[in-house]
Amino acid sequence: MEYTPMPEPLRRAVNQLVSEAVERCQEVMTFSAPDVVHDWKRMTLYRATDAADTMVGVSMLIAAYCEHTGMAPETLRGYLQLGQQHSRADGPQEEDRAHLASLLGQAAPAGSDEPGVLSDRGRVRRMALFTGREVCSS
């Protein structure tokens, strides 16, 4: 495999989009502050989904470049980690509810996996900061 740097126009576009996503993530933190009681639910969800959508745009822009340069479709699908797809339209899943229960110090819903672990989308989060225990991926 030949390794080449990201083309400069693509790099600039990716950097701009990532900066926008980071700004939205920072706004999530701002709207989750204790003194923003009146609007935190609406604004944190708006900004978090804005950031997620922007990062999907980054992924698709890079994927379009990979496709343009002849990357094999199966390789591109693997790099896009399509098995980790989760639609917001599906709403919170059982492990999201279990994670919330863990954060709130409540029992996990019946039938859910170990509290504090999110692996539905192919990732495991370390919850040591929130639960006092470390969860390791396999």
Using the rule that two of Ile, Leu, Val, Met, Phe, Trp, Tyr join whenever any of their side-chain heavy atoms come within less than 4.5 Å, decide whether Met71 and Leu82 are in one cluster.
yes
Could you measure the distance from the NZ atom of Lys41 to the OH atom of Tyr46? Nearest 0.5 Å is fine.
14.0 Å
Do the side chain of Asp96 and the main chain of Gln93 share a donor and acceptor less than 3.5 angstrom apart?
yes
Indicate if Val58 and Tyr79 have the same hydrophobic cluster label, given that clusters are the connected sets of ILVMFWY residues with side-chain heavy-atom separations under 4.5 angstrom.
no
Distance-minimising heavy-atom pair for Thr54 and Glu20
CG2-CB, 4.5 Å
How far does OG of Ser59 sit from CD of Gln81, to the nearest 0.5 angstrom?
9.0 Å
Do any N or O atoms from the side chain of Ser102 and from the backbone of Ala98 form a donor-acceptor pair under 3.5 angstrom?
no
Restricting to non-hydrogen atoms, name the atom on Arg97 and the atom on Pro92 that form the minimum distance, rounded to 0.1 Å.
NH2-O, 3.0 Å
For the OG1 atom of Thr30 and the CD atom of Glu23, what is their distance to the nearest 0.5 Å?
11.0 Å
Nearest heavy atoms of Ala107 and Ala101, plus distance in Å
O-CB, 3.4 Å
Would you sort out whether Glu8 and Arg12 count as a salt bridge (Lys or Arg N to Asp or Glu O under 4.0 Å), showing the intermediate values?
CA-CA 6 Å; Glu8 188 59 27; Arg12 283 193 307 269; 3.7 Å; yes
Heavy atoms of Ala48 and Val28 approach each other most closely as N-CG2, 3.4 Å
Give, for atom CG of Asp53 and atom CG of Leu17, the distance between the pair rounded to the nearest 0.5 Å.
12.0 Å
If I take atom CZ from residue Arg42 and atom CZ from residue Phe31, how far apart are they, to the nearest 0.5 angstrom?
8.0 Å
Should Glu95 and His99 be marked as a side-chain contact (heavy atoms from CB on, under 4.5 Å) after you check the CA-CA gap, both sets of side-chain angles, and the distance that decides it?
CA-CA 6 Å; Glu95 59 187 29; His99 184 195; over 6 Å; no
Looking only at heavy atoms, the pair that brings Gly91 and His86 closest together is O-NE2, 3.7 Å
Any chance you could measure Leu80, atom CG, to Gln85, atom CD, to the nearest 0.5 Å?
8.5 Å
Does some side-chain heavy atom of Tyr65 sit less than 4.5 Å from a side-chain heavy atom of Pro7?
yes
Met55 and Val18, any side-chain heavy atoms less than 4.5 Å apart:
yes
Cluster overlap Met60 with Met6, hydrophobic side-chain contacts below 4.5 Å
no
